[in-house]
**Q** 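Sharing a structure with you now.
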Number of protein chains: 2
Amino acid sequence: MDIPSGSPTKKRISESTIHRLSRYFRTLSLLEKENFETVSSKELAKREKLTPAQVRKDLSFFGSFGTRGLGYPVAELKAKVSRILGIDRIWRVALIGVGNIGSAMVSYKEFIKQGFHIVKLFDNDQRKIGSNHKGIIVSDIKNLRTELQDDRIEMVIVAVPATVAQYIVDVVVKAEVKAILNFAPINLKVPPGVHVRNENMAMELEYLSFAMVNHHSPKGIGKA
Amino acid sequence: MDIPSGSPTKKRISESTIHRLSRYFRTLSLLEKENFETVSSKELAKREKLTPAQVRKDLSFFGSFGTRGLGYPVAELKAKVSRILGIDRIWRVALIGVGNIGSAMVSYKEFIKQGFHIVKLFDNDQRKIGSNHKGIIVSDIKNLRTELQDDRIEMVIVAVPATVAQYIVDVVVKAEVKAILNFAPINLKVPPGVHVRNENMAMELEYLSFAMVNHHSPKGIGKA
DNA sequence: TGTTAATTGTGAAGCATTTCACATGAGTAT
DNA sequence: ATACTCATGTGAAATGCTTCACAATTAACA
Ligand SMILES: NC(=O)c1ccc[n+]([C@@H]2O[C@H](COP(=O)([O-])OP(=O)(O)OC[C@H]3O[C@@H](n4cnc5c(N)ncnc54)[C@H](O)[C@@H]3O)[C@@H](O)[C@H]2O)c1
Ligand SMILES: NC(=O)c1ccc[n+]([C@@H]2O[C@H](COP(=O)([O-])OP(=O)(O)OC[C@H]3O[C@@H](n4cnc5c(N)ncnc54)[C@H](O)[C@@H]3O)[C@@H](O)[C@H]2O)c1
């Protein structure tokens with residue numbers, strides 16, 4: 001009935017499962033707004049273009065959240081998923097490189113709703129240092145290490161040119177930050193225990209390009 | 001020796017393989033700059049943190065590009081990979097929604113180097129329509145369908161608010177565009193044959209969050 | 001309170017992807 | 001020419017992920 005909380009399920013959870021949990025979370029938020037009390041794996045699957053079995057299996061890695069014959073309680077499941085993802089808390093995030101991408105990220109209000117609080121900005125451009133972006137003063141990159149530590153930053157977003165990204169990340173690692181979202185198109189080297197996710201838009205365009213030249217069309221589309 | 005071009009290899013190529021091809025391409029460009037003539041699967045694997053077998057298997061789906069005992073000719077392989085990905089040509093791209101993210105994308109010079117030419121911008125904001133972004137005049141969204149067709153646009157980048165993204169995409173689909181890079185955090189509905197890739201930064205932050213709370217650390221990292 | 005309808009949770013089966021391991025072939029040196 | 005080395009290309013094994021199928025369980029209702 002209860003999951004022994006002392007020894008959390010030590011199965012290896014796949015990257016795909018985690019990504020799907022993110023999607024369930026988004027859909028559950030929507031369902032909540034639409035005043036659904038419960039939702040079945042079937043409905044959830046339909047909205048996410050998955051199979052009901054996939055939904056149930058994903059959730060089952062973390063516990064039994066549903067009621068047979070009824071489905072899952074929306075609000076409760078949403079809370080559980082947010083707990084699993086670790087977004088039931090506030091994360092202190094710093095953004096490094098207040099350029100095109102960096103500015104876009106700071107302006108984005110959805111992150112804060114999900115608990116990602118960008119509380120520091122860094123740049124090396126004298127014209128940017130000291131300026132105010134959405135209420136945050138841009139710090140000098142020179143003080144990166146000390147300020148990351150003093151402000152207990154837990155995650156950083158790296159939006160600097162590729163040429164300096166590794167150098168910046170080395171400092172970030174020294175400041176004991178363990179999570180990095182990287183926009184620079186390079187393979188960052190970090191010690192074990194430091195998590196890196198890459199956001200690579202060129203790669204997605206290339207995927208589209210591949211799909212097009214292979215006209216991967218699931219069923220004939222071409223006109224006669 | 002030659003691949004029968006009449007019946008292209010009809011194996012299903014996995015998404016991961018395509019993404020790795022993108023990475024090989026980037027690394028091969030680098031190797032070319034470093035004046036490497038040839039590269040072994042071992043070296044390529046080392047740079048990408050993969051196994052040599054993985055590299056060879058990926059490439060083998062498309063042909064035999066290497067020389068036993070020697071490795072792969074860098075320049076030639078790069079050309080082959082770019083051919084496979086379909087980036088040995090120019091893609092005409094339109095960007096819809098010249099806001100924070102949209103502006104960042106237009107300013108990014110690397111896309112053009114890879115053959116992705118952003119040649120049209122659309123917005124519905126009167127202050128933006130008619131303005132000049134990197135040499136491109138922002139068009140009125142009202143003319144989306146006709147201008148996409150008249151300008152023979154092949155891909156679009158959707159960077160509008162989530163609330164209007166589906167509506168915009170419906171028009172894009174009517175204009176016979178078959179590839180969409182979407183930044184709005186929603187599940188777009190498109191007919192078969194239209195390719196959609198989602199760029200979802202919140203999802204990557206959530207992945208980092210999950211990794212942190214599960215301190216997935218491969219080997220003990222914590223201090224004593 | 002018993003019967004029916006619905007939907008979960010989960011082993012096992014079915015696929016897909018990755019890794020292994022080695023025969024094969026190309027280049028090199030003698 | 002012949003032997004030797006090196007690294008590819010690829011079936012086969014191993015691993016991982018998704019789907020199936022059904023027993024178990026609950027809600028609803030007669
Ligand atoms: N703009 C895009 O659409 C896009 C797309 C894909 C990838 N990227 C990648 O994202 C990164 C940022 O791109 P961008 O377009 O925002 O570039 P940008 O030049 O607009 O911004 C980079 C910022 O980093 C700052 N910077 C440079 N060196 C620094 C240093 N040593 N320390 C601290 N700050 C420093 C610059 O002052 C600038 O503000 C790049 O690596 C780029 O390749 C950008
Ligand atoms: N900024 C970020 O860091 C970020 C991060 C993740 C996701 N996103 C997503 O990317 C999208 C764009 O975000 P943004 O921050 O650039 O928003 P933004 O508000 O800065 O830009 C949106 C642009 O779309 C235009 N627009 C609105 N309605 C339109 C319509 N009907 N037709 C044409 N244009 C229209 C607006 O005028 C504006 O220029 C959103 O869906 C957002 O959720 C943004």
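Numbers restart at 1 for each chain; the letters A, B, ... are given by sequence-line order, proteins then strands.
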**Q** For B:L44 and D:dG9, what is the distance between atoms CG and C1' respectively, to the nearest whole Å?
**A** 15 Å
**Q** Whole angstroms only, please: what is the CZ-P distance between A:R12 and D:dA14?
**A** 22 Å
**Q** Consider side-chain hydrogen bond (donor to acceptor under 3.5 Å, both in side chains). Of B:K57, B:R56, B:Q54, which one does B:S41 pass it with?
**A** B:R56
**Q** In terms of side-chain geometry, is the basic nitrogen of A:R145 or A:E176 positioned less than 4.0 Å from the acidic oxygen of its partner?
**A** no
**Q** Would you call A:E32-A:K78 a salt bridge at under 4.0 Å N-O?
**A** yes
**Q** Could you tell me the separation between the CD atom of B:Q54 and the C1' atom of C:dA21, rounded to a whole number of Å?
**A** 16 Å
**Q** Please tabulate, for side-chain N and O atoms in residues 94-111 of chain B, each donor-acceptor pair with protein atoms closer than 3.5 Å (sequence neighbours left out).
**A**
from   : atom 1 : to     : atom 2 : distance (Å)
B:S103 : OG     : B:G99  : O      : 2.5
B:S107 : OG     : B:S103 : O      : 2.8
B:E110 : OE2    : B:K113 : NZ     : 3.1

**Q** What is the distance from CD of A:E15 to P of C:dT18, rounded to the nearest Å?
**A** 12 Å
**Q** Does A:S16 place a side-chain N or O at less than 4.0 Å from the phosphate oxygens OP1/OP2 of D:dC17?
**A** no
**Q** Nearest whole Å is fine: how far is C:dA16 C1' from B:H19 NE2?
**A** 17 Å
**Q** Could you check whether any side-chain N or O of B:W91 sits under 3.5 Å from a backbone N or O of B:I153, counting only pairs where one atom can act as donor and the other as acceptor?
**A** no
**Q** Looking at residues 25-33 of chain B, who's got a heavy atom less than 4.0 Å off DNA chain D?
**A** none
**Q** Can you check side-chain contact (heavy atoms from CB on, under 4.5 Å) on B:R92 and B:D151, steps first, answer last?
**A** CA-CA 8 Å; B:R92 297 176 64 75; B:D151 270 313; 3.8 Å; yes
**Q** Can you name the residues that form a side chain to side chain contact (heavy atoms under 4.5 Å, CB included) with B:T67, not counting sequence neighbours?
**A** B:L70
**Q** Would you call A:R20-A:E15 a salt bridge at under 4.0 Å N-O?
**A** no
**Q** CD1 of B:I13 versus P of C:dC15: gap in Å, rounded?
**A** 19 Å
**Q** Let me have the donor-acceptor pairs involving side chains of residues 181-190 of chain A, under 3.5 Å, with sequence neighbours excluded, atom names and distances please.
**A**
from   : atom 1 : to     : atom 2 : distance (Å)
A:N182 : OD1    : A:A184 : N      : 2.9
A:N182 : ND2    : A:A184 : O      : 2.9
A:N182 : ND2    : A:N198 : OD1    : 2.8
A:N187 : OD1    : B:R26  : NH2    : 3.2
A:N187 : ND2    : B:R47  : O      : 3.3
A:N187 : ND2    : B:E48  : OE1    : 3.1

**Q** Give a yes or no on whether the backbone of A:R23 and the side-chain of A:T27 come within a donor-acceptor separation of less than 3.5 Å.
**A** yes
**Q** Each nucleotide N or O in nucleotides 11-14 of chain C that has a protein N or O under 3.5 Å away: list the pair and distance.
**A**
from   : atom 1 : to    : atom 2 : distance (Å)
C:dG11 : O6     : A:K57 : NZ     : 3.4

**Q** Tell me: CZ of B:F61 to P of D:dT10, nearest whole Å?
**A** 11 Å
**Q** For nucleotides 6-8 of chain D, which of its nitrogen or oxygen atoms have a protein nitrogen or oxygen under 3.5 Å away, and what is each distance?
**A**
from  : atom 1 : to    : atom 2 : distance (Å)
D:dA7 : O4'    : B:G69 : N      : 3.0
D:dT8 : OP1    : B:S41 : N      : 2.6
D:dT8 : OP2    : B:S41 : OG     : 2.6
D:dT8 : O2     : B:R68 : NH1    : 3.1

**Q** Rounded to the nearest angstrom, tell me the gap between atom CG in A:L77 and atom P in C:dT7.
**A** 16 Å
**Q** Can you say whether the rings of B:F62 and A:F210 are parallel (under 30°), tilted (30 to 60°) or perpendicular (over 60°)?
**A** perpendicular
